[in-house]
Number of protein chains: 2
Amino acid sequence: METRELRYFVAVAEELHFGRAAQRLGIAQPPLSRAISQLERRLGAALLKRDSRSVTLTEAGAVLLHEGRAALDAVEAAEHRTRRAALAVTGRASVVLATKAGASSELLAKLLHAYATEPGSVDVDVALCGPGEQERLLRTGRADVAILHHPFDDLTGLDTEELLTEGQVAILPAGHPLTTRRSLQLSEVTELPDLPLPRWPGNDGTYPDGPGPEAQSHTQLFQLIALGRTLLVVPDSARSQLNDDLVAVPIVDAPEVTTVIAWPPHSRSRAVADLVRAALRL
Amino acid sequence: METRELRYFVAVAEELHFGRAAQRLGIAQPPLSRAISQLERRLGAALLKRDSRSVTLTEAGAVLLHEGRAALDAVEAAEHRTRRAALAVTGRASVVLATKAGASSELLAKLLHAYATEPGSVDVDVALCGPGEQERLLRTGRADVAILHHPFDDLTGLDTEELLTEGQVAILPAGHPLTTRRSLQLSEVTELPDLPLPRWPGNDGTYPDGPGPEAQSHTQLFQLIALGRTLLVVPDSARSQLNDDLVAVPIVDAPEVTTVIAWPPHSRSRAVADLVRAALRL
DNA sequence: ATGGGCGATACCCTCAAGGTATCGTCGCGC
DNA sequence: GCGCGACGATACCTTGAGGGTATCGCCCAT
């Protein structure tokens, strides 16, 4: 199977529409139709059900969509890592560390400092990512290490070491009635009519429906809380970034959040190993 | 990058010889040379150093060899799993479980029984593998689950659950002086001049050099031990397969062996999940 | 009934991938 | 020191896979 075929199939499987998929791929629709049916013939499996008015995935098609995405990621990763390995020879080596913007900043600062003072350390490029984006960077080889948060991020297929486990707190506007409490239940904050949870853009850039305000950045979000428009449930360490307008109250029954350092399997990079070791020593 | 290019590069990188690689790929040498230099141009990186008498990998080339193998495995896995998903619809579904021939047979029997009695269980095809082979089957999608043994098998990039941790014993011919001992040190058995460790064929089918006898199967191996030609260091549970000719003596300082059940990341198979759950209940 | 949306088919064209012949270079043996 | 042989690169040709345009067939909505 060629990666071109996989890319074609993934495009159709995602769009569920040959015309749009072809447009996205920058080719005409007929060659795309042919490529897909050829792929189906070679695999000996129906991947799509063409229902004259709509296209749907078959069981096998759903499998190929998942596995194919992973395979395309792996190919892309091979390409990126090779390019970066070549760069490292003709000049300064560097590692790319992906981290969620605004999360674990204290831990990150300590890590960077600890690593930088090690002998043989290289430059660390920090990539500040939106939610879920870091995982993608790791899997496609655009990043070498990442700071992830279990159970929010999907760790399957990545090698990880746990760094820190902590509870979660609710971030509330100063003066809100709940700020007088010493602790809260999760159920008390998720369904507050006066403070609906904010909505984040999905991977396609659109917002889910709901009552909460649309958020783009952490600073904007904190401002929205201060204005009494929403609230937030975050790991304990985020307290350090609060100002006087905001109050944190522990939520006793929220799932624990584990901050992990993650890297792609089979990583042969000395720098990645050093970074992980530095992180474990913190 | 197309998988064809990757296959070409991996072939050359493994053979370190354009002619042989071309032969292996079933094409002529000139198009291969061209394909590789084209790949190098597109990546903007030298992958091979052509030293007029020999071909060697550059730093970037070594990275691409590793990552490229993983990517090719992922593509192959996508193909296999799709085919099997299609088969599962048109007839009986099944899972392929890979296990090392002759290892953990008791645990395996219990697992298969426990799973078979579960509601909704499907047929389990057991693939008996040579050393290291199971991992490959998993990564290339020809198997869905595997029983692996840490630290012998490489678990990076696989999801695992631990099933059993045990010490190791030396398997000696009955009557050997060491069989009178209640326990042994690892150093006492690895360098015995009268009982050299056996040699297993590598992935290429050839045997490494050394004094020990060449082994092909476990039964053959046990016979070789009984004949006083070699000895073996294996996990404790292998004792159950011994007959009167053989004696097991614990080795106190051998690394502990953990038997794990492993499956590829992102597995969406119900049967795999059920198998893992059954294994954990043992 | 009919027009429009959508995937499949028919047919053509182009270029990239593969083949053959040959060159350039470098060890090595006589 | 010379020529031979091994090996990768280059030159040039051929073919077919992949892409484009035009059009069909089918179904649903109006």
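Computed over heavy atoms, backbone and side chain alike; hydrogens, waters and symmetry mates excluded. Predicted, not measured: the structure shown is a model, and the values here were computed from it.
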Between [atom2] of [N] and [atom1] of [X], the distance in whole Å:
X	N	atom1	atom2	result
A:Arg20	C:dG5	CZ	P	13 Å
A:Arg50	D:dC27	CZ	C1'	17 Å
A:Leu32	C:dG7	CG	P	9 Å
B:Ile36	D:dC7	CD1	P	17 Å
B:Met1	C:dA17	CE	C1'	18 Å

Check this for me: A:Glu76, atom CD, are more than 12 non-hydrogen atoms of other residues, nucleotides or ligands nearer than 6.0 Å?
yes
Qualifying salt bridge (Lys or Arg N to Asp or Glu O under 4.0 Å) pairs, either residue in residues 7-25 of chain B, two or more places apart
A:Glu2-B:Arg7, B:Glu14-B:Arg24, B:Glu14-B:Arg69, B:Glu15-B:Arg20, B:Glu15-B:Arg24
May I ask you to decide whether B:Glu133 forms a salt bridge with B:Lys100, counting only side-chain N to carboxylate O separations under 4.0 Å?
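No.
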With a 4.5 Å cut-off on side-chain heavy atoms, are [Y] and [X] touching?
X	Y	result
A:Glu79	B:Leu43	yes
B:Val96	B:Arg142	no
A:Val126	A:Leu128	yes
B:Thr3	B:Leu72	yes

Which of these passes side chain to side chain contact (heavy atoms under 4.5 Å, CB included) with A:Leu6: A:Val75, A:Leu65, A:Leu64?
A:Leu64
Interface residues of residues 38-48 of chain A with DNA chain D (non-hydrogen, below 4.0 angstrom)
A:Gln38
With the threshold set at under 4.0 Å for non-hydrogen atoms, list the residues of residues 3-19 of chain A touching DNA chain D in residue-number order.
A:Arg4, A:Tyr8
Please report how far the helix from C:dA1-D:dT30 to C:dC30-D:dG1 bends, comparing the axis fitted to its first five pairs with the axis fitted to its last five, to the nearest 10 degrees.
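The end-segment axes of the helix from C:dA1-D:dT30 to C:dC30-D:dG1 are tilted 10° relative to each other.
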Please encode protein proximity along nucleotides 24-30 of chain C as a string of B, S and -, counting only heavy-atom distances under 4.0 Å.
--BS---
So which protein N/O to nucleotides 19-23 of chain C N/O distances come out below 3.5 Å?
| from | atom 1 | to | atom 2 | distance (Å) |
| --- | --- | --- | --- | --- |
| C:dG19 | OP2 | B:Ala28 | N | 2.7 |

With a 3.5 Å distance limit and no angle check, can you tell me whether B:Thr82 reaches the backbone of A:Val63 through a side-chain donor-acceptor pair?
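No, because the side chain of B:Thr82 does not come within donor-acceptor range (under 3.5 Å) of the backbone of A:Val63.
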Taking only residues two or more places apart in sequence, or in another chain, which ones meet [X] in a side-chain hydrogen bond (donor to acceptor under 3.5 Å, both in side chains)?
X	answer
A:Arg199	none
A:Arg277	A:Asp274
B:Asp123	none
B:Glu67	A:Arg81

Has A:Ser33 got a side-chain N or O lying under 4.0 Å from the OP1 or OP2 atom of C:dA8?
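Answer is yes, contact under 4.0 Å.
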Do B:Tyr8 and B:Leu39 pass the side-chain contact (heavy atoms from CB on, under 4.5 Å) test, and can you show the C-alpha distance, the side-chain angles, and the key distance before you say yes or no?
CA-CA 10 Å; B:Tyr8 285 8; B:Leu39 179 61; over 6 Å; no
In a table with atom names and distances, give each donor-acceptor pair under 3.5 Å that connects a side chain of residues 28-35 of chain A to protein atoms at least two apart or in another chain.
| from | atom 1 | to | atom 2 | distance (Å) |
| --- | --- | --- | --- | --- |
| A:Gln29 | NE2 | A:Ser33 | OG | 3.0 |

Suppose we screen for salt bridge (charged side-chain N to carboxylate O under 4.0 Å, His left out). Which residues come up paired with B:Arg136, at least two apart in sequence or across chains?
B:Asp73
